[in-house]
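Shown next, in structure tokens, is the structure this report addresses.
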Amino acid sequence: MDPAVDRLGAGSYVLLTTFRKNGTAVPTPLWVVADGEQFAVWTPAAAGKVKRIRRNPAVTVAPCDVRGRPQGDAVPATARLLDAAGTARVRALLRRKYGLIGRITIAGSRLRRGRAGTIAIAITPTE
């Protein structure tokens with residue numbers, strides 16, 4: 001397994017940086033979970049980062065704390081939006097990893113947005 005996937009997937013948060021059309025970096029701290037040879041994050045489907053990934057899947061990721069302060073070096077990666085089945089799998093992995101707070105957060109999100117209101121993003125380091 002890729003050491004970057006092990007390291008980043010084992011942390012509590014990852015700083016996902018997407019890029020606007022003009023090249024401006026937009027960092028966002030997100031929960032992260034290892035998913036085989038890649039790792040995944042979960043976000044609202046209408047979030048700006050989802051729109052930016054649809055346009056440009058090149059991202060960087062770094063371990064961070066809950067406030068988004070980097071805790072290590074950024075790694076270049078490629079992001080891919082997952083379908084409904086992939087998103088459901090990532091939700092289950094997140095519930096398992098984050099325990100009670102994960103279950104509460106995911107249930108609250110489902111009540112607010114419905115199942116289709118969130119999407120998972122698979123991230124594969126390119127180095």
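All figures in this text were calculated on a predicted structure; none of them were measured in a lab.
Closest of all the heavy-atom pairs between Arg91 and Thr118 is NH2-OG1, 3.0 Å. Minimum heavy-atom separation, Ala77 to Pro125: CB-CA, 3.8 Å. Of all non-hydrogen atoms in Ala122 and Leu82, the two that sit nearest each other are CB-CD2, 3.8 Å. Between Leu81 and Val50, the shortest heavy-atom distance links the atoms CD1-CG1, 3.9 Å. Of all heavy-atom pairs between Thr60 and Ala74, the closest is CB-CB, 4.3 Å. Residues Thr87 and Ala120 come closest through the heavy atom pair OG1-N, 3.1 Å.
Through side-chain heavy atoms spaced under 4.5 Å, either directly or across other Ile, Leu, Val, Met, Phe, Trp or Tyr residues, Val26 is tied to no other residue.
If you take CG on Leu30 and CD1 on Ile121, they are separated by 7.0 Å, rounding to the nearest 0.5 Å. Taken to the nearest 0.5 Å, the CG atom of Leu16 stands 5.0 Å off from the CD1 atom of Ile53. A distance of 9.5 Å separates CZ in Arg69 from SG in Cys64, rounded to the nearest 0.5 Å.
Using a distance-only test at 3.5 Å, with no hydrogens or angles considered, a donor-acceptor pair links the side chain of Lys97 to the main chain of Val32.
Between Gln38 and Arg80 the shortest side-chain heavy-atom distance falls below 4.5 Å. Considering only heavy atoms from C-beta on, Thr28 stays 4.5 Å or farther from Thr18 through its side chain. Residues Thr124 and Glu37 have side chains not in contact (no heavy-atom distance under 4.5 Å, counting atoms from C-beta outward). Contact annotation: the side chain of Val59 never approaches that of Thr17 to less than 4.5 Å [non-hydrogen atoms, C-beta and beyond].
Cluster annotation: Val66 and Leu15 are assigned to distinct hydrophobic clusters (Ile/Leu/Val/Met/Phe/Trp/Tyr, side-chain heavy-atom contacts under 4.5 Å, transitive). Side-chain heavy atoms closer than 4.5 Å link hydrophobic residues (I, L, V, M, F, W, Y) into clusters, and following such links, even through other members, never connects Ile123 to Phe19. Taking hydrophobic clusters as Ile, Leu, Val, Met, Phe, Trp and Tyr residues chained together by side-chain heavy-atom distances below 4.5 Å, Ile106 shares a cluster with Ile101.
For the salt bridge (Lys or Arg N to Asp or Glu O under 4.0 Å) condition, no pair includes a residue of residues 38-59, sequence neighbours left out.
The environment of CG in Asp83 is crowded: more than 12 heavy-atom neighbours from other residues, nucleotides or ligands sit within 6.0 Å.
In this pair, Tyr13 and Tyr98 present their aromatic rings tilted. The plane angle is within the 30 to 60° band.
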